[in-house]
Amino acid sequence: MKTGIGPQFMLMASMIIFGTLSIFVRNIPVSSGELALYRAILAALLIGGFLLITRQKIPFSAIKKELPLLLISGVAMGINWILLFEAYKYTTVSVATLSYYFAPVLVTVVCPFLFKERLTKKQLLCFVMSTVGLVMITGIGLAGGGNHFVGILYGLGAALFYATVILLNKFIKTVTGIHRTFLQFLSCCAVLLPYVLLTDGIHLGDMDASGWGNLLIVGLVHTGITYCMYFSSLKELPGQRVAILSYLDPLVAVAVSVTVLGQPLTLWQALGGSLILGFTLWNELSPKSQ
């Protein structure tokens, strides 16, 4: 398996870009559902154009049995985005992100039931300590007011649907990488479009130049280009290196929240977040690396 600096650089870059998402999302004056729709459309157009230029055909005949899973995972991805964007509105980016990163813990708990895997003592310890970290963050949120707690609930909802995407992808075997991402984005669009039309409607005409600029960055850079970089790097790097470098995303997000957005981060919130990220990372590393 290749471990060159190219794939590692792409993964690091994609994680850092993901971590800056909140800066641009907060400057787009549309609802969370509408933003998720535009994000999926722009990313699908970019990746679809890339597939056409490179003449990569999607093997529909080979993947038709897994299309329902792809569609469901795409729907879960869209709902995940909506809930995360809502979390940004109600609480700080730090708290929303740390709540969102409870997703791997949920996957650890569910996997023994879905895949008949044994829950080890290490996994159980990681689950308990990550939950303690979440309780610390939640307690601080309650102390900060009802809006913070609502934001935490949205973050946990996003974590639940992100965990759903991870679990569904474990069942998808015949389609990988960019093809999988493209089909998931298309299913996002198919579900989010009627949802947006039936709720808040389309408000593209109300955005100014700044809103359009931020939207294009979120859709094309943070989603289309960065997802391609992310999935391309996954094929070339060992799983443990991916696990370690993936934690650049929440670390950058927290740093952005505190330094760029000027949002507060208390000591207890930082400690709670450290428990979640630290024990989740430890859970993903094999005994050989400990």
Side-chain angles (χ1 to χ4, degrees), residues 6-32 34-44 46-47 77-78 80-104 137 151-152 154-155 158-159 162 165 181 185 188 207-234 237 242-265 269-270 273-274 276-277 280-281:
Q8 182 167 308
F9 174 80
M10 284 198 299
L11 180 60
M12 293 174 62
S14 63
M15 289 299 102
I16 292 171
I17 293 171
F18 282 145
T20 64
L21 177 65
S22 60
I23 299 175
F24 304 93
V25 167
R26 285 176 169 263
N27 293 313
I28 304 173
V30 297
S31 68
S32 297
E34 196 175 353
L35 175 55
L37 171 63
Y38 300 150
R39 183 183 188 186
I41 290 175
L42 288 170
L46 181 68
I47 296 177
M77 183 184 294
N80 156 44
W81 289 348
I82 293 175
L83 294 176
L84 181 60
F85 296 156
E86 284 295 307
Y88 288 161
K89 294 180 181 179
Y90 285 93
T91 187
T92 65
V93 171
S94 297
V95 172
T97 302
L98 294 173
S99 302
Y100 178 61
Y101 262 79
F102 200 66
I137 294 174
I152 291 169
Y154 275 122
Y162 180 48
V165 174
T181 306
F185 286 160
C188 265
M207 288 200 303
D208 57 14
S210 175
W212 274 100
N214 283 282
L215 176 60
L216 290 174
I217 291 173
V218 168
L220 299 178
V221 178
H222 283 84
T223 313
I225 294 175
T226 308
Y227 269 73
C228 289
M229 291 170 57
Y230 175 71
F231 284 113
S232 296
S233 63
L234 290 186
L237 294 172
V242 171
I244 294 172
L245 294 179
S246 293
Y247 280 79
L248 283 173
D249 177 3
L251 293 176
V252 170
V254 170
V256 164
S257 175
V258 175
T259 61
V260 179
L261 300 179
Q263 297 174 334
L265 179 68
Q269 287 174 332
S274 298
I276 293 175
L277 298 181
T280 303
L281 175 60

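- The nearest pair of heavy atoms linking I152 to S99 is CG2-OG, 3.8 Å.
- You'll find the side chain of Y162 stays beyond 4.5 Å of the side chain of L84, heavy atoms only.
- For the atom pair E86 CD and L35 CG, the distance stands at 10.0 Å (nearest 0.5 Å).
- Counting heavy atoms from C-beta outward, V218 and L42 have side chains that stay 4.5 Å or more apart.
- Two residues are said to be in side-chain contact when any heavy atoms from C-beta on lie closer than 4.5 Å; V252 and M15 fail this criterion.
- Closest heavy-atom contact between G78 and C188: N-SG, 3.3 Å.
- For the residue pair I47 and C228, the shortest heavy atom distance occurs at CG1-SG, 3.8 Å.
- The OG atom of S257 sits 9.0 Å away from the CD atom of Q269 when rounded to the nearest 0.5 Å.
- No donor-acceptor pair closer than 3.5 Å links the side chain of T226 to the backbone N or O of S14.
- A pairwise comparison of heavy atoms in A43 and G224 identifies CB-N, 3.7 Å as the closest pair.
- Relative ring orientation between W81 and Y227 is described as perpendicular, the plane-to-plane angle rising above 60° on a 0-90° scale split at 30° and 60°.
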Check: Would L248 and L11 count as a side chain to side chain contact (heavy atoms under 4.5 Å, CB included) if you check the C-alpha gap in whole Å, the side-chain angles of each, and the deciding distance to 0.1 Å?
Finding: CA-CA 10 Å; L248 283 173; L11 180 60; over 6 Å; no
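- A distance-only check finds no donor-acceptor pair linking the side chain of T91 to the backbone of A87 [under 3.5 Å].
- In this structure, L21 CG and D249 CG are separated by 8.5 Å, a value rounded to the nearest 0.5 Å.
- If you take CD1 on I17 and OH on Y230, they are separated by 14.0 Å, rounding to the nearest 0.5 Å.
- Distance CH2/W212 to OH/Y38: 7.5 Å, rounded to 0.5 Å.
- The shortest non-hydrogen separation linking A253 to V93 is O-CG1, 3.8 Å.
- Between L83 atom CG and Y88 atom OH the span is 12.0 Å, to the nearest 0.5 Å.
- The shortest side-chain heavy-atom distance between H222 and T20 falls under the 4.5 Å cut-off.
- Contact check for T92 versus L265: no side-chain heavy atoms found under the 4.5 Å cut-off.
- At a threshold of 4.5 Å between non-hydrogen side-chain atoms, the residues P250 and Y247 count as touching.
- For the residue pair M10 and M229, the shortest heavy atom distance occurs at O-CE, 3.5 Å.
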